Structure formats: C-alpha cells, structure tokens
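Along the sequence shown, residues are numbered consecutively beginning with 1. No experiment lies behind these values; they were computed from the predicted model shown.
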Amino acid sequence: MKLFASESFLLMSSASSFDFLLKPIFLHGFSASLHLVLLLFLSLLWAVNRVKGTGRESSMKTLKQRKVLWYNQTLACCVVVSAFNVVLFLLSCFCWYRNDCSVVKLVILSDYVVKLLAWCAMCVFLHCQLSNSGGQMEFPFLLRVWWGFYFSISCYCLVIDIVLFTKQVPFPSQYLVSDVVSVVTGLFLCIVGFLARNEGAKALLQEPLLDGDSNVSNGIKLSRKRGSDTITPYSNAGIFSILTFSWMGPLIAAGNKKTLDLEDVPQLDSHDSAVGAFPNFKNRLESTDSEGNGVTLLKLVKALFLLAWKDILTTALFAFLSTVASYVGPYLIDTFVLYLNGQRLFNYEGYLLVTAFFVAKLVECISQRHWFFKLQQVGLRLRAVMVAMIYNKGLTLSCQSKQCHTSGEVINFMTVDADRVGEFCFYMHDLWTAAMQVVLALLILFKYLGLASVAAFVATVLVMLVNIPLGKVLEKLQEKLMESKDKRMNATSEILRNMRILKLQGWEMKFLSKIIGLRNVEEGSLKRFIYTNAISSFFFSIAPSVVSVSTFGACILLGVPLESGKILSALATFRILQGSIHALPETISMIAQTKVSLDRIASFLQLDDSQPDVIEKLPRGSSDTAVEVVDGNFSWYFSSTATLTNINLKVYHGMKVAVCGTVGSGKSSLLSCILGELPKISGSLKLCGTKAYVAQSPWIQSGKIEENILFGKEMDRERYDRILEACALKKDLEILPFGDQTVIGERGINLSGGQKQRVQIARALYQDADIYLLDDPFSAVDAHTGSHLFKEVLLCSLISKTVIYVTHQVEFLPAADLILVMEDGRITQAGKYYDILKSGTDFMFLVGAHKKALSAIGAVETGTDSEQSRSEGLKGDGGLESAQGNESDNIEDVGPKGQLVQEEEREKGKVGFSIYWKYITTAYGGFLVPLVLLAQILFQTFQIGSNYWMAWASPTSADVEPPVGSLTLIIVYLVLAISSAFSVLTRAMLLSTVGYKTATLLFKKMHSCIFRAPMAFFDSTPSGRILNRASTDQNAVDLRIPYQVGGFAFSVINLLGIIVAMSQGAWQIFIIFIPVIVTCIWYQQYYISSARELARLVGVSKAPVIQHFAETLLGVTTIRCFDQESRFQETNLTLNDSYSRPKFHVSCAKEWLCFRLDMLSSITFAFGLFILISVPKGVINPAIAGLAVTYGLNLNLLQTWLVWNICNMENQIVSVERMLQYSSIPCESALVIETNCPERSWPFHGEVNILNLQVRYAPHLPLVLRGLTCTFPGGLKTGIVGKTGSGKSTLIQALFRIIEPAAGQIIIDGVNISSIGLHDLRSKLSIIPQDPTMFGGTVRSNLDPLEEYTDEQIWEALDMCQLGDEVRKKEGRLNSTVIENGENWSMGQRQLVCLGRLLLKKSKIVVLDEATASVDTVTDDLIQTTLREHFSNATVITIAHRITSVLDSDMILLLSQGVVEEFDSPARLLENKSSSFAQLVAEYSTRSDSSLQKLE
C-alpha cells in the first residue's frame, strides 16, 4: 500500500518554502491516523457481519469467475503491501539502531506499525469476504473511497520525490521506491474498486440468461457444463490475463476447494485440439508429399513445422529476449562492485544500476515463462496430430504391411514416440540459444578479461565438440532401447490378450519369465543409456569449471589483472553458461531420441495401405451382379505364392452362396478377398452395393451392447427389437442386469462365445447392407440357436439380400442357391447341392462324413437300456428352487456398480509420503540415497567455496594488494574445481544406479502381481490400463523420475547454499528470504492440489486412447467393411483431446505458479540490491557483496527450479503410485501348497465329483452356476450341452479354478481341488479352449512353450492332429514363423494346434470346450477318432454345439440357467422323447433331413 508520508520529507523540515503541512511529523502522524480509521472501519464491518451471520444467502446464485479473479488479485496486492511495510520497518530499524532516538523517528516507526496492522487486517477481511460471500462479492463503498484517497496522496508524495530528485537533494533510495510502490498499488486498487465493479455488475446481470441454474460447491462454481462444453478461458483472455496467466486462476481455485474431475477441465481451443489441428496438419503433409513418394523424415518434420511455425517463431523471440536479458546482470556486476567500493561515476548511479538489474530480471522472467508455455502448447498439439496420424495409418494398412509391425510396436509409436515428439518441443530452441549464450559470454569476457577470453572460447568449443560423439552414442543406445521396448510391449500385449489360456494351461509363470527375459535385454540397453548419460552429465557439469580455470589461467599467463569485479562478472557469466551447457547433454539426448522416434514413425507411415483398386465398386443398382471375380489370384504374403488361385465367381443380387471345405482350404481367405483385405496379384473383382461382415473370431468393442449393435447408426427402436428377436438375444438381455445397457468388457469378456457371435450378427443386420459375408456364423452357438439363426436371419431377415456364408455344417448347405467347395485355395466345385453331390469327390467326402455322424444318432436311439437312471440328474434338480430364489435376490442387489468393467480408479488428494518413501527405499533399502545427497552437498560446497575463494582472494581494484599470489589463487581454485567434478561424477553414477535398480524392482514386482492376479482382474480391466503402466509409467520410472526426485533434493541443497552465500554479503538479506520462502510455500500448496489431480487425470485419460487403438487394430477388417473409418477416427480425436485437456492445463498451472515465483524472486533480488547500496561504505566487503549479487542473478531460476521440481516430482511420482497400485493386486491362490501336494500319479481314475457348486464372476454380479451337483465317472466321456449362456464354459472355469466357487466344492479322485496349489491342479488337466490361441514365435514354441518334449514327440503329435504335412511344407518346419495371434494360420488350424498340445500333455482329465467348432465335419470326425484312440482311459469332458460331437459320450449333462436339467446316458435320455436332450437331437435331425434325403 502507498505510504501516505514519504520519508523524503524528513529531509525537508528545514526548508522554509514548505509549510507545516509538509513537515514529516505531521504527515506520518496523519498517515497513522488514517490507517487507524481504516482499522476501526474494518473492525466495525466485521462486527456487523457477525451479527447478521456470515451464512446469509445471497439472491444471486452465480459467481462470476472474473470477480473471483479480481478478489484474488486484490488480496495478493494487500499481502505484498503488508510484506513491503515489514521490510521498510526492519530496514528503518537497521539504519537507525546505532543513532540516537528522536520524536520524528518514533512517529515514523509508529506509522509503519499502524500501517502494517491495517493492511494485515485488510488481508484478513478480504479473505473472509471471499470465503463467505455466498455468491455476492462486492467491495464496501467506504473501502473504495479510502482507496481513491490513498491513490491521490500517493501521487502527491511521488511528485515531491521527483522535485527533490531534479533539484539534486540527496535522500535514501528506499523513500523513492516506497512512493513508486504506493502509486502502483493505489492505481491497481482504484481500477479494481471502480472499473472492475461495473464490468462485474454487467456480467452478473447477463449470467442467469447465459447459464441458468448452476451448482455451487464450497463457494466456487463448478458447473458440469464448464468442463464438457466451455472452451478454455485462455482463448478469450485479455493481454494482462495472458501475460500473468491469471486466466488459470479459477481452475486452480476450484482445485483448491474440491477434487477436480475431467468434467471440471475446460475444452481446448480449436487451435490446440486434435479435432481442429489434425486436418490442417494432414493437408500440409499431403502438400509436402505432392510427388506421392511417401512420407519421409524430412517431409514429416516440414509438415510439423508448418503446422506451428507462428508459435515457434514467437517462442524464438521470447527465447532471444530471455537470453539477452539474462546477461545484463553479469555485464553490470563489475560496475556494481566498483560502486560499492566507492568508485561512483555520477549521482544516483546505484539506483540506476538496481533499476537496470530489476528490469532485466522482469524481462527475463516474463519472456522465459511465455517461451516455456508456448513450447509446451506446441508440443501438445504436435503430439496430438502425430497420434491421430498413426491411428489413421493403422486403419488403412494392408495385410502385408501389418506383418512388418506387431500391434505392440504400433501402440508404442503412439504411447512413446508421439509423446517424445511432443516433449522435444520444450528443447526446440536450446541449441541455438546455447550458441547465442556462448557468443554473449565471450563478448562480456573479452570486455573484462581481454585476450584471455580466447582461452574461454577454445575451452567452450572443445566442450561443444564432445557433443558429437556423445550424441551419436546416445542415439544408437536409444535405438536399441526402443527396439527392446517394442519387443517387450508386443509380447506383453499378446500375453494380456491371451491370459485365460495361459491360466488354463498353467503357463503364466513361463510367459512371465519370457517378459522378464525381454526386460533384461531392455535393461541392458537402459543401463548403458543411463550410465552414458551420467558420464555425459559429468562432462558437462565440469565444463564451466574447465572454462573458468582455462580463462583465469590464461589471465595469469597473459598478465591480465584479476580484480574481484572482473572475476565476479566472469563467474556470473560462467554460472549462466553452466545452466546452458549442463542442459546440453539432455538436449542432445532428446534430439537423438526424437530423431529415432520420428524415423520410426516416418517408416511406419511409409508402409503400403490396402490397395484401393482391389475392388472395382459399381454404383448401387447399376448391375444385376452383386459380386464378380474373374481369373482372380490373391496372396497374403509378399511372395508370389498365391493363397487363392484361379478364382472365378459370379453372384447375383439376392443369391445365397455357401462356402465349404476342409480346414485351411481358403474359405475365410475367399471372404477376405471379396472384402478387399486380401492383396490381389491378378484378375478383377467387382462389387455392387454395400457390404456387411461377420468375422469367424468375434470382434466386440468395449462398451454397451446397444452401442455394439448400432455401430454408429441412429436408433430405430422397431427395427432394433426385430433384430434382437431374430438373433435370439432377447432372453440373454433379460438375464443381464442392465439389459442392452450392460457394459461389455474388453474383447466381449463377459459374454459367452455364442452371445458374442449373435451380437456380431445383430450388428451386421442393423447396417441393412446389400451384401452379407458371414464367416462360419453358426459354429459358436448351440444346435437350437443355430437352427433359429439360420431360419430367422438367413431365410427371413436376409431373404432379399446377397449372402455369402462359410459353414462347416452340411445341414445348412441345401438352402443355398450356390455352393462353393474349396480345396488348396481353389474352387474345386460350384453349383447347387444336388448337382455337385454327383460331380466330384471333395463335396461327397464332406457329406459322407456328415452322414456318418448322423447315423450315430440312430445307433444311440436303438441302444440297449443298460445305463443308470437319472438319479444324478434328479439330485441336480433338487437345488433348483432355492438356487433360483438366491438368483433373484442377487439380481435385485445389483446396483449401478453392477457393471463388470468400472471406470479406472485414481488416487485422490495429496500423494502420500509413503509413495516417496517406498520409491527411495526400494533399491538397496535406501542405503545409497544419503550418499547421493552427500555427493551433492560436497559438490555445492566446493562450487561455492571456489567462487568465494576467487572473490575473497582477488583485489577489488588494481591499486590494492592481493591477499595471495596469482599461482596460489589458481591452484586452490583448480583443486576445488577438481573436487567438485569428482563429487558430481559420484552423484551422477550413484543416482543412475539407484534409479536403474528401482525401476527394475518396480517392474518385476508389478508384473509378478499382474501375472498372479485372478482372471476376474483381467476380465474387468481393459488391457489398455495395464499397457499404459507397462509402457508410459514404466518409461517415466526408467528415465524421468530418478532425475525429478534427485533434482528436487539437489535444488533444495543448491538454494540453501545460495542463501548462505548471499547472506555473507549482507546478513539482512536473510530476513527477506523468510517471508519470501513462506509465500513460495503457500503458493506451492495452493497450486499443488489442482496440479496433482490434473496429473492424475492425464494418467487416467491416456488408457482409453491406448485401449481404443488396440481394439481398432484387432477389428480393423470389420471397421473397414462397414465403412466406419471416419467415425473411429473422430472417436480417436475426441479421446485424444480428453487426454490433452488436463495435460494442457497441467502446463498452464505450472507456468501460473512459476510466473508468480519469478516475480517474488525478482522483487527479493531488487530488495537485496537496495539493501546493499543503502549500507554505508566499509560496512561490507564489496567483493563478497558482488558475490551475493552473482548468486542473486540466478535466484529466480533456482527458486523456480525448486518449486518446479517439487511440482514435477509430485506429478511424475503419480507413475510410481499407479505402478504400486498394480503391485498390490490380490493374487490367486498359491501355485503350489507344499504341505498339501497331490501324489505324482494323481489323478488316478479321473472321477470328478461336483457338490452344490455355486459360482459368480464378481461379488456384485448374480450367480451363474446355482447349486450344481453331479459326478463325472472316471475314464468315461461326458458331454455337456445346453443353450448359449447356460453355464457350460463357467463350469469348466470352475474346474480349473479360473473362478473360485462362491459355495460348494469339486473333488477329483478324493482330492478337493480348492485345497491344492493351482499349478498342481492345472498341470494335471488338459483343455482345448473355445477360442483357439497361438502366440507369436515358432510352431515348436506354440506346441511346447515349456520346452518339455523332443522333436520326435512334437512331430508325432502334429501327425496325430492332421497338421504334420502342413508343417512339413513350410520352409522352417518346426521353426517356421507364427505371426502375432497366429494370423497366418486359419482358425481351424489353430484349433488343431491346440489339439496337438493336448496330445503332447496326455492328461488323465481332458476338457474339450467347443474344440471342433471351427473345423469341418471330416476334421471333426478325425479329431474324435484321435481322442478315442489316445484318451481311451481318460476322463473326457466335451462341450459342443454339434450334437454329433457328444453322441458317442458315455454320459450327457444338460445345463439350463446354471443348474442341472438332465444327466444320464445318451440312450436313456433319447428313450424319453420329452427330455430336453431328445428334443435337441430331434431338432438337429429334422434340420438335417433335407441333406439326408438328397444323400439317399
């Protein structure tokens, strides 16, 4: 606040020209009286508010953000004035404490005390007004009048000071400063009190019309609309608001009141959003590639530059201003030291020097803040467009290009490489600014040290030259690190997708060791990278010492006098240069990393897209032909070997075309070729009309069932219900707790195989396409449902459509208008059913196998009545009523949280100290941490000591005798410099060791917990969340967090050392630091609550981007078929912006804080300088005072660096928090229980007793198996049948303890499976799962991942499962490559590989879960024969939708809604014509009558 009476009047008391009103005793008395009035007024107002009640409701329901902003700024202004008065009071006491006391001085001190109390009272009043405003914020009228009067008096006092200055009347500089501050603050308060009031009133009058009702939380408006619809205030902020980052105030205030959620964060401006920026970038990239030669590194960089060239040039200007301003201080230090030593060129030189220092600091701070902010803004924009570009490329890749990169590698392009491009922007100007700093430094050194600056130049050049080899080494290491990271992420992604089969087979620990092995390779590259980086940092840390030693040594050799002022100028120059040189290794490393990332992205973007000319699309309705292929040859591979040869096909509109053939004959490839997915070698392919596709392996998106069926179309309720009925989904949706609003987990994890297939069919039907391509759509459903789908979908809903369907079920063939028989990639037969039946052997072979299977039904029906009664089945029925009652209760208990997949949890509130403690004590129990700190303390001590030595041991001028000789001076300095060098080397190596070891341990701990997690965790957790931790968070722990945590500790030590060094110049400076540090801590605490939650939102918002991309890569064929690319691209852009929103505001909040801290440190520095020029000559050593100024020049950087490190550390430590979150996942039961291991020969007979088994997938979900009781006899075959969703697969999961029973037990040969280890159980069981799985690798590694069998045994198994000849054809035979997910093998072949695993394992209990669903009848018969031969003494449990697959079973278990409906031998069940099984068989037989009649 303005001081009403300037101290300058103390010197005017003798002037006869001034009357009594200008005498100091009157003015200070008057000032004290006015402030007493203010105190009285504030006290009265407080009392009135207490009487009326602070909780009084306001008639105004909204709180304008700008009003909050003005209030905060006014409060901050009052705090600054209060602190200013404290400093003036202490300074006056310090100046007068040795002199006699006088009445005038007592009045002045009393004035200061009263003003201090009054301004503190105003701070409290404004704070209370802000907290308890209830929505109405208005400054009291009398207070505003007082501010106006205050401003008038302040101006008057400043005029008097100017008059004295022009008349050259000497007076202390603090008097002028106090009057200037008073005028500035008075002007601001008048603007706030009068102008802002009118603006706020207009805004408040308009607000109800604009916003309507809104929510008020803790006095801060947090309308849901603000986050979801409102654009960031930055886009409409004024110049002052942008300059000071004040537009961020409302969000930070909101975060200080409550935990921020994503809806609280405003939307990005279109300039920064992916939605707005990507089209611009795409156009620029296309224009740079006008020749059509593909995207190169140069073209990509050019397009990125053109996208943000204005901001890049603007930041270049800011960088230039900041760099130039930073060297004003070193240039003036010698003059300042000479001034303190008494060599003054003119009056008020000290004030001019202080003003120059202060203005330079302000320019440096403001330009630096906006330099950094704009670069981060640019980085965010570039990252967003790169992610969008990578995503779009993933949607258009050809099948051959997909083989070049696995999905894990492509996801890494998005999560790591695109991020690195964004991060590089922060370092964009560092190289040329470093060169500019070197030039400016050399000019300053030449001015003060003459030719000795040449030595500095040579030393600097040598240091710079070290960059070249270091940069190349780091680039190579970065490439190797990224390659190993890609391999690990690819393997992790594949394993997470197939975790269920790993659990079933008991292979998870083997595959964990595979991941650990890949990580070990990555750690080798990581170790070399970080230690090379540490050595690089060491070289650059000692660079300033090398330059300074070289320079001072050259001075001694050349006879240049080393005076303290010149040395301090040189040291200040070196200190600034040190920051630039010290950051150079990181810059070089970032350039190397970014070049590698851009190379990788450019090479990915160069890959071939799917051929646009594969299909010749005819206008809809222009032709009678729907599909026509003439002399078509197609291949999946780059080689000339054709997958499909000589394909000639003509399909008219409305035709039903069936495609059949043995496993691997090319049926799915034929559909792919019609879709345009299979690259064309020669021939022509024409298509007339839109198309829809149902894949053999269901692709379901995470989200609601309704969203999966609509698939981007508008809701037509009547048509929607009709399709649900046709696809037999009505009953399934009734069972689900949320119906079609149920959220489906990743890959449809909470749906059965049949349900997923029917959702796919419903999706295709809802598209209302002209041509339908169905790839074996009936294999995953039971016989009854399959018959229903065939009739309702194929023969009714699609009666007028063109349908091409692949099927292994011969009974569906007679209805086709055209049947295609495939063999070895060729159409061997084509025609109607009856025609081709007599014209060739291939089709006859398939039909013959079907006839043989059907004949088994008659054999069973005429079998003898020698089986047990259905007593077992009756036992199963006994618990039906109670189970159903329990079921209804459970359904009622399902609430909003009943969804299987919940939103990702994030920690809230302050990051606990325990997280930091766990991090720093993970490696070696924290033993090395004190050594790191000790090394930094020694480094700082030696650094300050060397500078202190040079300042103390040098003369202040040429005519003063130096305390020590020149040789001693340089030797001691050299010893201290070498000591600091070794300290920093020790620090760098120890920090790298600790960081590397901690990252390794956290990785192993997290992955061990993930792999030991129960299957329920993977069912409810999208893989994107896990991959985000394994990639982004792990990358942060590997490369960033050690240096963030270390940087915080080092900055604290550094700042404390600087404060001590500055206090050596004048201890009074230490007094200033106390309120400044308190203010800094308050700002940091005020800021961090918002910044912390924004950082967590960044982490949570990234997983959906990864998840959506991973899903897109899996379902790209379906997406392209339905022409939904644009919708998915828009979704990606939206998710991208949801990530960028909190990321942008994290950067803004950081700059908001740093700007305020910079201002504080600049004001502190200016106060320190005023103290130094105010102290009488001789009280302090000018050289030591100059040293204090030298360090003070870096005060704003150090202070900002400290708080920046605190905030960055807390933001980055969230990655550790997230990894620790997944390191404490509840584990499955023990793999091995040493005290209860079964015998080696267990199970002896294979008898399975199931007693009152109740199973649910999660505690909040209803029971799936409800009191099931039965016995599977040992050594016999048991078939399990039932409608889709009846609990068949759930029973198998309970048998393998994938799901632990809620009640009941399963006993195998007298052993309760819940009492033994999981590996002891699963290693004794074998299974062919419903979804056949193959892993990237070789044929050998897929059959024998545990490496337990010889090649002879593997070949034997391959021959038994009919794959031996196929593998022998391949070039590598057992070592032939299997690509990711086994994509180069057909679905049926994959199922045969699973059979091969079964034959190798030779277990006593064998489970077949839809083992033959994807194979033809011939292969099915071969599989059944193989099983009968090699597992004649084993207990075989078969789940099948084909009735013929279970007819030769000894027992049949029929499940219905999770309970036993029937359990007996097939013959006994078929005798009872009313049994459900008999009806199922009858339906199957009826459906096959047409084909049987044609056979006869």
*asked:* For Phe373 and Phe245: C-alpha separation, side-chain torsions, deciding distance, then whether ring pair (Phe, Tyr, Trp, His ring centres under 6.0 Å) applies.
replied: CA-CA 10 Å; Phe373 165 66; Phe245 298 95; 5.4 Å; yes
*Let me see the working for Leu1160 and Tyr1083 under side chain to side chain contact (heavy atoms under 4.5 Å, CB included), right down to the final yes or no.*
CA-CA 11 Å; Leu1160 274 174; Tyr1083 261 124; 4.2 Å; yes
*For Phe357 and Val328, run side chain to side chain contact (heavy atoms under 4.5 Å, CB included): C-alpha distance rounded to whole Å, both residues' side-chain angles, the deciding distance at 0.1 Å, then the answer.*
CA-CA 7 Å; Phe357 275 118; Val328 172; 5.7 Å; no
_side chain to side chain contact (heavy atoms under 4.5 Å, CB included) between Phe358 and Ser1162, worked out_ = CA-CA 7 Å; Phe358 183 60; Ser1162 299; 4.1 Å; yes
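Atom CZ of Phe426 has more than 12 heavy atoms from other residues, nucleotides or ligands within 6.0 Å. Atom OH of Tyr331 sits in a sparse spot, with 12 or fewer heavy atoms from other residues, nucleotides or ligands closer than 6.0 Å.
Rounded to the nearest 0.5 Å, atoms NZ (Lys257) and OG (Ser1090) are 11.5 Å apart. In this structure, CG on Asn256 lies 11.0 Å from CG on Leu251, to the nearest 0.5 angstrom. Going from atom OG1 of Thr314 over to atom CH2 of Trp371 covers 14.0 Å, rounded to the nearest 0.5 Å. Distance check: Phe1050 CZ to Gln936 CD gives 5.0 Å after rounding to the nearest 0.5 Å. Rounded to the nearest 0.5 Å, atoms CE (Met436) and NE2 (His429) are 12.5 Å apart. Within the model, atoms CG of Leu440 and OG1 of Thr433 stand 11.0 Å from one another, a figure rounded to the nearest 0.5 Å.
Taking the six-membered ring where tryptophan is involved, the planes of Tyr1087 and Trp1152 are essentially parallel, since the angle between them stays under 30° and well short of 60°. Ring geometry for His1145 versus Trp247: interplanar angle over 60°, hence perpendicular rather than tilted (30 to 60°).
The side-chain heavy atoms of Gln943 and Asn1054, taken from C-beta on, include no pair separated by under 4.5 Å. For the pair Tyr1086/Leu1153, no side-chain contact is recorded, criterion being any heavy-atom separation below 4.5 Å from C-beta on. Proximity of Tyr234 to Met248: side-chain heavy atoms (C-beta onward) are nowhere separated by under 4.5 Å. Ser1147 is not listed as a side-chain neighbour of Gln377, based on a closest heavy-atom distance of 4.5 Å or more. Considering only heavy atoms from C-beta on, Gln376 comes within 4.5 Å of Phe372 through its side chain. Asp1158 places none of its side-chain heavy atoms less than 4.5 Å from the side chain of Glu364.
Nearest approach of Thr941 to Ile937, heavy atoms of both residues: OG1-O, 2.7 Å.
Arg1156 places a side-chain N or O within donor-acceptor distance of the main-chain N or O of Thr244, the cut-off being under 3.5 Å. A distance-only check finds a donor-acceptor pair linking the side chain of Ser569 to the backbone of Pro330 [under 3.5 Å].
For Phe318, the ring-ring contact (aromatic ring centres under 6.0 Å, His included) partners at least two apart in sequence or on another chain are His370.
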